[in-house]
Protein chains: 2
Amino acid sequence: MDERENVPQRPYAEVIDRLRSVDLRPTRQRLALARLLLEHGDRHITAEQLHGEAIDRGIRVSLATVYNTLHQFTSAGLLREVVVEAGRSYFDTNTSDHHHFYNETTGDLHDIPGSEVSVTSLPEPPDGSSVARVDVIVRLK
Amino acid sequence: MDERENVPQRPYAEVIDRLRSVDLRPTRQRLALARLLLEHGDRHITAEQLHGEAIDRGIRVSLATVYNTLHQFTSAGLLREVVVEAGRSYFDTNTSDHHHFYNETTGDLHDIPGSEVSVTSLPEPPDGSSVARVDVIVRLK
DNA sequence: AAAATAGTTTAGAACTGTTCTAAACTATTG
DNA sequence: CAATAGTTTAGAACAGTTCTAAACTATTTT
C-alpha cells in the first residue's frame with residue numbers, strides 16, 4: 001500500500017464532488033452507499049440487499065435512508081431503476097445505453113450492451129407523448 | 001335483440017370449453033371473470049381493478065379468487081403477465097406476440113404489434129439458459 | 001466560531017399489493 | 001346421491017416500500 005501523504009488524503013473526493021454536483025450533501029451515509037454502489041463495477045441491487053450489505057460492513061444506516069438515497073441517486077442520473085418482476089425494484093449502477101438478460105429461475109440480472117440490441121420501433125408514440133426510454137428484457141429460463 | 005331459442009341457449013359454451021381444455025372447472029367465478037376479461041377485446045388490468053369491476057357488476061367473488069384465477073389463466077396461456085412498474089402486475093388478454101407502450105405519467109399501457117418491433121438480440125443467453133420471451137417496453141413521458 | 005438555517009437521518013408506523021390458511025362450499029365422479 | 005376432488009372465501013400474514021415527525025448534521029450567516 002502506498003503511504004505518500006497525498007494518496008489517502010482525499011479518498012472520498014471524487015464521490016463528494018459527484019454528490020455536490022447533483023445538490024446532495026455528502027453525508028456519511030450517502031458517501032458510504034455511493035462507494036458501495038459506484039466503486040465496484042456494474043451492479044444490480046435492491047434496496048434491501050444494499051442495506052444488508054452496508055450493515056454487514058459495519059455502516060450504520062437505516063433502510064429508510066437507503067431507499068431515499070437510491071431514489072435521489074436515480075433522479076440525479078447516478079443510477080437507473082430496473083423493473084423485471086412485480087414487487088421488487090433493482091437499481092442499476094450502469095447508466096449507459098443497455099438492456100437486460102433476466103433469468104426468471106435464478107433471478108440473475110445481466111447487462112446487454114445497447115450496441116448489441118437493435119429495436120426498430122415503428123409506431124409513433126400516441127398523441128402528445130414522447131419516448132423516454134426503451135427497455136428490452138430478455139427473459140431466460 | 002334476436003330471441004330465437006338457440007341463441008341464448010349456450011351463452012357460456014365457448015368459455016366453458018376453453019376452461020375445460022386447460023383443466024379448470026367452469027365455476028361461476030371463473031366464468032364471470034373469463035367473460036369480463038376475454039369478451040371485451042385487448043385489456044390490461046390489475047387484480048384489484050378486475051375485482052373492483054366484478055363487484056361493480058354484481059359478481060360475488062373474492063379478491064383471493066381473482067388472484068388465483070388470474071394466475072391460473074396465465075399458466076394456462078389465456079393471459080400474459082406484464083410488469084412495467086414495481087409493486088403492481090398487469091394481466092394482458094392479448095397473448096399474441098407483441099410489446100408495450102407505457103406512459104409513465106398516466107399509467108396507460110398499450111400494445112405494439114410484434115410485427116412493428118424488431119429486436120436483434122445478438123448476445124447468446126448465458127450458460128445453460130434459453131430465451132423464454134423478449135419484452136420491449138417503450139416508456140413514454 | 002457560534003448561532004441560525006436548511007437539509008438529512010431515523011425508528012417505527014402505515015400502507016400497498018399479494019399470498020397464505022384452513023374451513024366451508026361446489027363440481028364432478030362413482 | 002354419496003364420495004371425492006377441486007374451489008372459494010375471509011381474514012391473517014407477508015414483502016417491499018413509503019411516510020412521519022422528532023433528532024441530528026452540514027452549511028450558511030453573523
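Here is how names work: the chains are called A, B, and so on, in the same order as the sequence lines, proteins then strands, and each is numbered from 1. Keep in mind the model is a prediction, meaning the values are calculated, not measured.
Checked against ring-ring contact (aromatic ring centres under 6.0 Å, His included), A:His71 has the following partners two or more places apart in sequence or in another chain: A:Phe91. Every residue two or more places apart in sequence or in another chain was checked for a ring-ring contact (aromatic ring centres under 6.0 Å, His included) with A:Phe73, and none qualifies. With sequence neighbours excluded, the residues forming a ring-ring contact (aromatic ring centres under 6.0 Å, His included) with B:His44 are B:His100, listed by chain and number.
Remark: B:Arg30 is not in phosphate contact with C:dA27, judged by side-chain N or O atoms under 4.0 Å from OP1 or OP2. Remark: B:Thr65 is in phosphate contact with D:dT9, judged by side-chain N or O atoms under 4.0 Å from OP1 or OP2. Put simply, A:Gln29 has a side-chain N or O that comes within less than 4.0 Å of OP1 or OP2 on C:dT10.
A straight line from CG of A:Leu24 to P of C:dA6 spans 18 Å, rounded to a whole angstrom. Remark: C1' of D:dT8 and CD of B:Gln72 are 10 Å apart, rounded to the nearest angstrom. Atom CD in A:Glu85 sits roughly 17 Å away from atom P in C:dG17 (whole-Å rounding). In this structure, A:Leu31 atom CG and C:dT9 atom C1' are separated by 14 Å, rounded to whole Å.
Taking 4.5 Å as the limit, every side-chain heavy atom of A:Phe101 sits out of range of all side-chain heavy atoms of A:Leu109.
Minimum interatomic distance between A:Asp42 and A:Thr93 (heavy atoms only, all atoms of both residues): CA-OG1, 3.3 Å.
Across its full length, the helix from C:dA1-D:dT30 to C:dG30-D:dC1 shows an angle of 20° between the axes of its 5 terminal pairs at either end, rounded to 10 degrees.
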Ignoring hydrogens and angles, write down the donor-acceptor pairs under 3.5 Å from the side chains of residues 125-137 of chain A, residues two or more places apart or on other chains.
unit_1	atom_1	unit_2	atom_2	d
A:Ser129	OG	A:Pro126	O	2.6
A:Arg133	NE	A:Asp135	OD1	2.7
A:Arg133	NH2	A:Glu81	O	3.1
A:Arg133	NH2	A:Asp135	OD1	3.4
A:Arg133	NH2	A:Asp135	OD2	3.1
A:Asp135	OD2	B:Arg139	NE	2.7

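Judged purely by atom type and a 3.5 angstrom limit, A:Arg57 has no side-chain atom pairing as donor or acceptor with the backbone of A:Leu36.
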Please encode protein proximity along nucleotides 11-29 of chain D as a string of B, S and -, counting only heavy-atom distances under 4.0 Å. -----SBBB------BS--
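For the residue pair A:His98 and A:Asp92, a side-chain donor N or O sits within less than 3.5 Å of a side-chain acceptor on the partner.
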